[in-house]
Protein chains: 2
Amino acid sequence: MKKKRVSIKDVAREAGVSIATISYVLNNKKGESISDETINRVREAIKKLNYVPNLSARSLVSKRSNLIGVVIPQAEAGKEFMFYNPFYGEFLSSVEYEARKKGFHLLISGTEADQKYIQVAQNRGLDGIIIVGIYPDSFFQELKQCQIPIVLVDSYCSDHYFHSIGINDRHGGYLATKHLIEKGHRKIAFISGMVKENGVNSNRLLGYKDALEEYGIDFDEKLLYLGDTNFEYGIKAGARLANSKNGETAAFATADILAVGVIKGLKENGLRVPEDISVVGFDDVYLARITDPSLTTVRQNIAEKGRQAAEIIIQTIENEIKEKRDIILPVDIVERDSVKDIN
Amino acid sequence: MKKKRVSIKDVAREAGVSIATISYVLNNKKGESISDETINRVREAIKKLNYVPNLSARSLVSKRSNLIGVVIPQAEAGKEFMFYNPFYGEFLSSVEYEARKKGFHLLISGTEADQKYIQVAQNRGLDGIIIVGIYPDSFFQELKQCQIPIVLVDSYCSDHYFHSIGINDRHGGYLATKHLIEKGHRKIAFISGMVKENGVNSNRLLGYKDALEEYGIDFDEKLLYLGDTNFEYGIKAGARLANSKNGETAAFATADILAVGVIKGLKENGLRVPEDISVVGFDDVYLARITDPSLTTVRQNIAEKGRQAAEIIIQTIENEIKEKRDIILPVDIVERDSVKDIN
DNA sequence: TTGAAAGCGCTAACAG
DNA sequence: CTGTTAGCGCTTTCAA
């Protein structure tokens, strides 16, 4: 049995004032001015009784939960998070930190069925939601009904209702490919997870093509290796690449976790990186510095992405911004040891 | 302005019954039996109105929030999570999955000051808390006051109040060291983060000593490299190791993330792994398979740890278990490519 | 400057 | 089998 928690009433009794007064000093309303003396008396009572406000009660009346939902993609429907990709951990870490500083908590959750999440959002009275990744359009449409501020991260959903934050994926793909081309590579494999239309990967592919075109290199379907964005597929792609008859001398993998798998797959098949094949990744997660060779990759500022996602959602909740925000964070290429100059 | 949400009253009106009836079918109380016809009528009304219960209201009266708090260590006080160590991501992923299946949500949060978290727990009416890592004893003592079910993960707090789940760290340390010894190594560095008394690392160190003793090898303080459990310190330790005058031929790092840093530091200083120095890690996170060489390491089942942590806390919440649980998950050594047999 | 009182949406006796 | 009702702890008019 839980011990009975001390409520605002107890504090009121202790301080010899009404519960309204307690509420006022708690929220230090500007409208209601309370005498310093009363404030002190209340403060003391609160401290003495060890009073902690009940947020359920508060949110019941104020319609504010101070809770932000974070939706992270799952490996498969109804499965665990994709946390083996360090990107999500790094992102979440940053969101949580920013939210905490502003007095918000994070409710994290995968999504059984997309429908279900909307229920959760309403159940819990989420003040805002940060959604990472791409989901069926129907999900976004339903989400709009909730009237909850939402930030979409790395989604190319163009709906005017949502805030969005992402990077210039196309430019990133371009930079990666161009870097490789400038190092003398012409046959460049493109290795990626699902290329959903108008998604992160499809834009990176566009950038890849941009660079090819700029340098007068013909695009070759056969150099596309499409699977899943995970380590295992990277290995598979690396193995295929090692035995390819297409003469690739380099590969652009659209995620570091993939790139690292590619390197592994390559090595397992007797090829060295970068001596035999050069590899460029994407994201610049922690991993990129950890592996050997360390990874030349397209850097995006993951922490900043998380920070801004949190900031935008909170500002919207607090009515500090009313208009829609669309943020594109810069990318650049960071050269490490996985690319060889073959000029 | 948020559109007014439909409440239980609206459903009652729609279905032509009282709000109590709605509540009954919602919670399908065994005590109260409702006629099938009414149930159906209510169900339809719910569907028609798109009614979603308000959990704040519910938890206000029922004292149940269906929220589980997860406390994850931070890099430094008031900073981001230690999510660069993949251990936490993998753990959290598993906890969330299990909790979600059972209808619970996760509130994740770092802890500004330890005090603050207790406030959060009370603020939100957390039904249970999963705490990963070691905290000051005063924190645990205060936590007890809350009367909330708590599972401690990887803590050696012996307080009878808490459930605990962990692994046999000492045995793990023993296995790692023994493995190295059996491969012919005698000068084995012990590389670790802080060795807090009665913590995970101190137990692993105990196991290290056990193995040494078993094989009649003298323990040598000089082979201890103590810093932080992160990649950077691993590099530093690896560098020191490479220039050591102590003749180490192997190292046991108490976390994979550390081990991977060690390998990096070694390589940067011209040594090869495992040819020149063998390395054993601990955890068997995803990373261990990713790096080159892949890491021989002490495996613990992180997903299972998360699953059981969630299971225990939920069973306690639902009063399915009343007694205290202390779970020790097994460890074993998984041989990969970072150890050389020098016999 | 403070207090009384009306709910927020829901559960759980208790009646009928 | 179903409805009435009294709160849960808090915010917020409105009055004093």
Side-chain angles (χ1 to χ4, degrees), chain A residues 1-43 45-46 49-66 119 122-127, chain B residues 1-43 45-46 49-66 119 122-127:
Chain A
M1 282 296 89
K2 273 170 197 151
K3 213 187 306 180
K4 216 163 116 273
R5 284 261 312 279
V6 358
S7 88
I8 203 173
K9 268 189 206 156
D10 305 308
V11 182
R13 194 177 318 114
E14 174 73 25
V17 298
S18 78
I19 61 166
T21 305
I22 310 294
S23 178
Y24 293 146
V25 349
L26 243 35
N27 304 294
N28 61 163
K29 286 284 179 188
K30 48 215 100 194
E32 329 284 334
S33 35
I34 311 282
S35 70
D36 285 354
E37 201 223 309
T38 310
I39 292 186
N40 282 331
R41 214 137 35 87
V42 170
R43 290 245 170 84
I46 287 179
L49 266 39
N50 231 304
Y51 166 72
V52 176
N54 178 326
L55 293 193
S56 290
R58 176 178 295 175
S59 81
L60 183 57
V61 18
S62 71
K63 267 88 189 72
R64 276 266 313 243
S65 63
N66 269 51
Q119 294 229 7
Q122 307 199 127
N123 269 330
R124 297 282 179 194
L126 298 183
D127 286 340
Chain B
M1 286 296 90
K2 273 170 198 154
K3 212 187 306 182
K4 215 164 114 269
R5 285 260 311 279
V6 358
S7 87
I8 204 173
K9 270 190 203 153
D10 305 308
V11 182
R13 195 179 317 114
E14 175 72 26
V17 296
S18 79
I19 60 165
T21 306
I22 309 294
S23 178
Y24 294 147
V25 351
L26 242 36
N27 305 295
N28 59 165
K29 286 282 179 188
K30 46 214 101 197
E32 329 283 335
S33 36
I34 312 280
S35 72
D36 286 355
E37 201 222 307
T38 310
I39 291 185
N40 282 331
R41 214 139 33 90
V42 171
R43 291 247 169 82
I46 288 179
L49 265 40
N50 232 304
Y51 165 73
V52 176
N54 179 327
L55 293 192
S56 289
R58 176 176 295 173
S59 78
L60 185 56
V61 18
S62 71
K63 268 87 190 69
R64 275 268 310 242
S65 62
N66 271 52
Q119 294 228 5
Q122 307 199 126
N123 268 329
R124 298 282 179 194
L126 298 184
D127 286 340

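Note that the structure is a prediction, hence the values are computed from the model and not measured. By convention in this document, chain letters (A, B, ...) are assigned in the order of the sequence lines, proteins followed by strands, and residues within each chain are numbered from 1. All values below come from the heavy atoms of this structure, side chains included, with hydrogens, waters and symmetry mates left out.
- Between B:Asp36 atom CG and D:dC1 atom P the separation is 9 Å, expressed in whole Å.
- Residues meeting the salt bridge (Lys or Arg N to Asp or Glu O under 4.0 Å) test with B:Arg43, sequence neighbours left out: none.
- A:Ser59 comes within 4.0 angstrom of nothing in the nucleic acid, heavy atoms only.
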Anything under 3.5 Å between a donor and an acceptor, one on a side chain of residues 52-59 of chain B, the other on a protein residue two or more places apart or in another chain? List them.
from    : atom 1 : to      : atom 2 : distance (Å)
B:Asn54 : OD1    : B:Ser56 : N      : 2.7
B:Asn54 : OD1    : B:Ala57 : N      : 3.0
B:Ser56 : OG     : A:Ser59 : OG     : 2.8
B:Ser59 : OG     : A:Ser56 : OG     : 2.8
B:Ser59 : OG     : B:Leu55 : O      : 3.3
B:Ser59 : OG     : B:Ser56 : O      : 3.4

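- Five base pairs at each end of the helix from C:dT1-D:dA16 to C:dG16-D:dC1 define two local axes, and these are offset by 40° (rounded to 10°).
- The distance from atom OH of B:Tyr24 to atom P of D:dT5 is 14 Å, rounded to the nearest whole Å.
- Scored by the side chain to side chain donor-acceptor pair (under 3.5 Å) test, A:Ser7 finds no partners at all (sequence neighbours excluded).
- Where B:Gly16 and B:Ala57 each meet DNA chain D at their nearest nucleotide, the meeting point lying more 5' is that of B:Gly16.
- Comparing D:dC1, C:dT1, C:dG9 by their closest approach to the side chain of B:Asn54 singles out C:dG9.
- Taking atom CD1 on B:Ile22 and atom C1' on D:dC1, their separation rounds to 14 Å, with Å as the unit.
- Partners of A:Asn66 according to the side chain to side chain donor-acceptor pair (under 3.5 Å) rule, which considers only residues two or more places apart in sequence or in another chain, are A:Arg64.
- Nearest to the side-chain atoms of B:Ile8 among the listed nucleotides D:dT11, C:dT11, C:dC8 stands C:dT11.
- When the side chain to side chain donor-acceptor pair (under 3.5 Å) test is applied to A:Gln122, no partner is found at least two apart in sequence or on another chain.
- In this structure, NZ of A:Lys9 is placed 13 Å from P of C:dA5, rounded to the nearest angstrom.
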